[in-house]
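Keep in mind it's a predicted model, so treat the numbers as computed, not measured. A note on names: the letters A, B, ... follow the listed sequences, proteins ahead of strands, and every chain is numbered from 1. Hydrogens, waters and symmetry mates are skipped; everything else that's a heavy atom, side chains included, is used.
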Protein chains: 4
Amino acid sequence: MEFSQPKGIYQQIADQVCERILSGEWAAEERIPSVRELAVDMGVNPNTVARSYQSLVDDMHIENRRGIGYFVIQNARERILENMKNRFINMELPRLFRTMQKLGIKPEEIVQRYEQFSQSVQVSQGEKQ
Amino acid sequence: MEFSQPKGIYQQIADQVCERILSGEWAAEERIPSVRELAVDMGVNPNTVARSYQSLVDDMHIENRRGIGYFVIQNARERILENMKNRFINMELPRLFRTMQKLGIKPEEIVQRYEQFSQSVQVSQGEKQ
Amino acid sequence: MEFSQPKGIYQQIADQVCERILSGEWAAEERIPSVRELAVDMGVNPNTVARSYQSLVDDMHIENRRGIGYFVIQNARERILENMKNRFINMELPRLFRTMQKLGIKPEEIVQRYEQFSQSVQVSQGEKQ
Amino acid sequence: MEFSQPKGIYQQIADQVCERILSGEWAAEERIPSVRELAVDMGVNPNTVARSYQSLVDDMHIENRRGIGYFVIQNARERILENMKNRFINMELPRLFRTMQKLGIKPEEIVQRYEQFSQSVQVSQGEKQ
DNA sequence: GTGGTCTAGACCACC
DNA sequence: GTGGTCTAGACCACA
């Protein structure tokens with residue numbers, strides 16, 4: 001948990017929940033930790049987790065069953081990936097491209113740097129094991 | 001001016017000033033509008049413009065000559081480009097690459113979309129003229 | 001069973017019991033399923049069904065014969081209809097009328113839409129058979 | 001403010017804001033009270049008002065201008081009416097009609113009661129003056 | 001036990 | 001001054 005400012009804590013938690021759904025740690029139709037449990041886990045106020053969960057409900061990634069808890073929605077993984085892809089293509093890429101034009105960076109440079117990046121990731125994953 | 005949330009008004013103004021320096025509209029050693037003038041132009045509180053200017057002074061893109069006004073620093077353009085490039089490579093690209101990995105997007109797709117983007121920009125600029 | 005928010009599970013169950021009494025499926029003086037049976041049927045905690053039954057006892061639609069089970073009260077159907085009608089006329093209609101005034105909807109429009117509704121219901125019932 | 005339970009306080013406040021926009025008390029592009037002001041007015045915690053305002057932002061009835069306050073959006077009135085009408089026709093009317101069928105209430109009765117209602121409203125408004 | 005809501009009070013960035 | 005966020009702690013209805 002990053003308690004400084006890049007983005008709100010509740011957002012970071014929501015993102016983490018999505019990660020865990022994507023990774024399969026929390027499968028469809030499965031119950032996820034209660035607001036209070038996760039709050040303790042994360043060292044955070046329950047209200048904050050509640051807010052995260054609510055935002056995930058709004059995005060239809062999880063649902064609430066009264067008095068029982070929150071559950072991962074059927075095709076949450078597909079939905080999350082869909083959302084991320086849309087946001088990436090419609091929001092991030094245009095910003096990226098505009099910056100590239102301003103800076104006179106050619107796409108080839110991006111490709112080249114990406115390859116460097118992939119290799120360094122493989123290396124650092126190798127170190128972990 | 002976007003008065004809603006993405007980033008602070010003062011940041012947006014600072015960015016615009018940089019744009020105008022880059023475009024050559026405001027050349028090196030030239031005086032830029034006074035805080036009050038720009039505030040009126042932008043429909044914004046003078047304090048806000050003052051803060052923008054101060055951040056630009058901190059980044060050494062402009063300088064204050066007391067009693068006279070703010071002036072573009074000698075090699076402001078180079079400095080601004082430098083800054084943008086550093087931020088882009090060290091901050092934005094890593095985020096970009098991580099997102100690409102998560103979404104399984106190959107760099108070729110980026111290149112392809114960039115070409116589409118460049119064309120559409122050329123077209124819309126043609127329309128303007 | 002709607003496990004999400006509109007109204008409590010126990011209320012939904014109580015409503016369903018009333019429906020079955022109204023439809024004649026469960027006649028007066030007849031025994032209705034035990035708390036546990038109904039709980040299994042509905043995929044619900046027995047406590048929840050117990051609470052539904054208790055609310056129906058409070059409204060005098062069913063009664064508990066100790067050690068035997070719950071039974072539909074003599075004139076339950078009349079009583080249920082009575083209750084529904086009272087609630088409708090005293091609680092729902094005023095809200096409805098206030099909304100109509102705010103939105104400038106004339107009662108004629110309601111009548112017209114009601115006719116459409118009745119027809120569509122007849123059609124969909126025809127399809128079922 | 002109804003501090004009992006029919007609906008949440010923040011909802012009631014949001015509704016009241018809509019009413020005031022509809023009535024013209026708060027015109028388009030106009031600033032509405034700050035979160036803290038309205039909180040004092042209503043005898044309520046600022047967080048609660050903030051939540052109301054946020055829900056109105058989500059519904060695009062008001063917008064936030066950083067550091068200044070909340071403003072009524074251009075065609076908020078039309079939007080609000082639109083929303084209310086949609087909700088009425090798609091959510092409330094079907095419930096109404098189903099209840100009418102269960103209770104064997106004919107639309108003519110609704111019309112008749114509506115006329116009584118309109119008259120009583122006129123009378124009570126006359127008394128106010 | 002679950003979540004939903006509200007209060008009180010705090011800190012922050014921003015205008 | 002503005003709103004945005006977080007914490008602490010409370011109460012409620014519901015399962």
Side-chain angles (χ1 to χ4, degrees), chain A residues 1 3-13 31-39 42-54 57 62-71, chain B residues 1 3-13 39 42-52 55, chain C residues 1 3-13 39 42-52 55, chain D residues 1 3-13 31-39 42-54 57 62-71:
Chain A
M1 209 70 339
F3 286 91
S4 18
Q5 305 101 338
K7 45 185 167 180
I9 298 184
Y10 81 96
Q11 261 294 356
Q12 297 178 47
I13 294 176
R31 184 171 175 276
I32 66 178
S34 78
V35 169
R36 306 197 234 252
E37 280 169 11
L38 195 58
M42 303 244 155
V44 142
N45 187 291
N47 281 326
T48 306
V49 175
R51 191 174 175 184
S52 307
Y53 278 11
Q54 193 51 55
V57 170
I62 64 178
E63 69 182 350
N64 181 357
R65 302 192 191 154
R66 300 183 62 117
I68 307 182
Y70 285 93
F71 292 75
Chain B
M1 209 74 336
F3 286 91
S4 306
Q5 294 117 342
K7 50 182 164 182
I9 308 288
Y10 84 96
Q11 263 292 357
Q12 297 178 46
I13 293 174
M42 302 243 154
V44 144
N45 189 301
N47 287 324
T48 306
V49 175
R51 187 169 177 185
S52 307
S55 84
Chain C
M1 208 72 337
F3 287 91
S4 306
Q5 293 118 338
K7 52 182 165 184
I9 309 287
Y10 85 96
Q11 261 293 356
Q12 297 178 47
I13 294 174
M42 303 243 153
V44 143
N45 190 301
N47 287 325
T48 307
V49 175
R51 186 168 179 185
S52 307
S55 82
Chain D
M1 212 64 345
F3 285 91
S4 20
Q5 304 101 343
K7 44 184 167 179
I9 299 186
Y10 80 96
Q11 260 295 353
Q12 297 177 45
I13 292 175
R31 185 172 174 272
I32 65 177
S34 80
V35 168
R36 304 197 234 253
E37 279 169 9
L38 195 59
M42 302 242 156
V44 143
N45 188 292
N47 281 327
T48 307
V49 175
R51 192 173 175 187
S52 308
Y53 278 11
Q54 193 51 55
V57 169
I62 64 177
E63 67 180 353
N64 180 358
R65 303 193 191 154
R66 302 184 61 121
I68 308 183
Y70 285 93
F71 292 74

**Asked** Which nucleotide, F/dT2, E/dT5, F/dA15, lies nearest any side-chain atom of D/E37?
**Response** F/dT2

**Request:** Give the rounded distance in Å between these two atoms: CG of D/L38 and C1' of F/dT2.
**Result:** 15 Å

**Fill in**
Tightest non-hydrogen contact, residues D/K7 and D/Q12, listed as O-NE2, 2.8 Å

**Asked** Taking all atoms of both residues into account, what is the closest heavy-atom pair of D/E63 and B/S4, and its distance?
**Response** OE1-OG, 4.4 Å

**Pairwise 5' ranking along DNA chain E for B/N45 and D/R51, keeping only the more 5' one** = D/R51

**Request:** Choose from E/dT2, E/dG4, F/dA15 the nucleotide whose nearest atom is closest to any side-chain atom of A/N64.
**Result:** E/dG4

**Prompt:** What heavy-atom pair brings A/I68 and A/R31 nearest, and what distance separates the two atoms?
**Reply:** O-NE, 3.1 Å

**Separation of E/dC6 C1' from D/Q12 CD (nearest whole Å)** = 12 Å

**Message:** Categorize A/Y70 for me: base, sugar-phosphate, or nothing, with a 4.0 angstrom heavy-atom threshold over every strand shown.
**Reply:** sugar-phosphate

**Asked** Does any N or O in the side chain of D/E37 come within less than 3.5 Å of the main-chain N or O of D/S34, such that one atom is a donor and the other an acceptor?
**Response** yes

**Asked** When the distance from CZ of A/F3 to C1' of E/dC12 is rounded to whole Å, what number comes out?
**Response** 15 Å

**Prompt:** More 5' along DNA chain F: C/K7 or A/V44, using each one's nearest nucleotide?
**Reply:** A/V44

**Upstream residue (5' side of DNA chain F) when D/V35 and A/G67 are each assigned their closest nucleotide** = D/V35

**Prompt:** Does D/R66 put a side-chain nitrogen or oxygen below 4.0 Å from OP1 or OP2 of F/dT2?
**Reply:** no

**Asked** Using a cut-off of 4.0 Å on non-hydrogen atoms, how would the nucleic acid contact of A/Y53 be classed: base, sugar-phosphate, or nothing?
**Response** nothing

**Message:** Does D/R36 contact F/dT2 through a side-chain donor or acceptor facing the base, at a distance under 3.5 Å?
**Reply:** yes

**Request:** To the nearest Å, give me how far apart CD (D/E63) and P (F/dT2) are.
**Result:** 18 Å

**Message:** Applying a 4.0 Å non-hydrogen cut-off, can you work out what B/N47 is touching in the nucleic acid: base, sugar-phosphate, or nothing?
**Reply:** nothing

**Request:** Identify the two heavy atoms, one from A/Y10 and one from A/S52, that lie closest to each other, and give their separation to 0.1 Å.
**Result:** O-OG, 2.9 Å

**Request:** Calculate the interatomic distance between B/I9 atom CD1 and F/dT2 atom P; express it in whole Å.
**Result:** 17 Å

**Request:** Could you grab the distance from atom CD of A/Q54 to atom CD1 of A/I62, nearest 0.5 Å is fine?
**Result:** 8.0 Å

**Message:** Could you tell me how far apart D/I13 (CD1) and E/dT5 (P) are, to the nearest whole angstrom?
**Reply:** 13 Å

**Message:** Pairing check on E/dC14: which nucleotide meets the Watson-Crick or G-U wobble criteria with it, both distances under 3.5 Å?
**Reply:** F/dG1

**Request:** Establish, with yes or no, whether the OP1 or OP2 oxygen of E/dC6 is under 4.0 angstrom from a side-chain nitrogen or oxygen of D/T48.
**Result:** no

**Asked** In whole angstrom, what separates A/R65's CZ from F/dA15's C1'?
**Response** 14 Å

**Prompt:** For the side chain of D/R31, counting heavy atoms from C-beta on, which of F/dT7, E/dG3, F/dT2 is nearest?
**Reply:** F/dT2

**Message:** Between P on F/dG4 and CD on A/Q11, what's the gap in Å once rounded to a whole number?
**Reply:** 14 Å

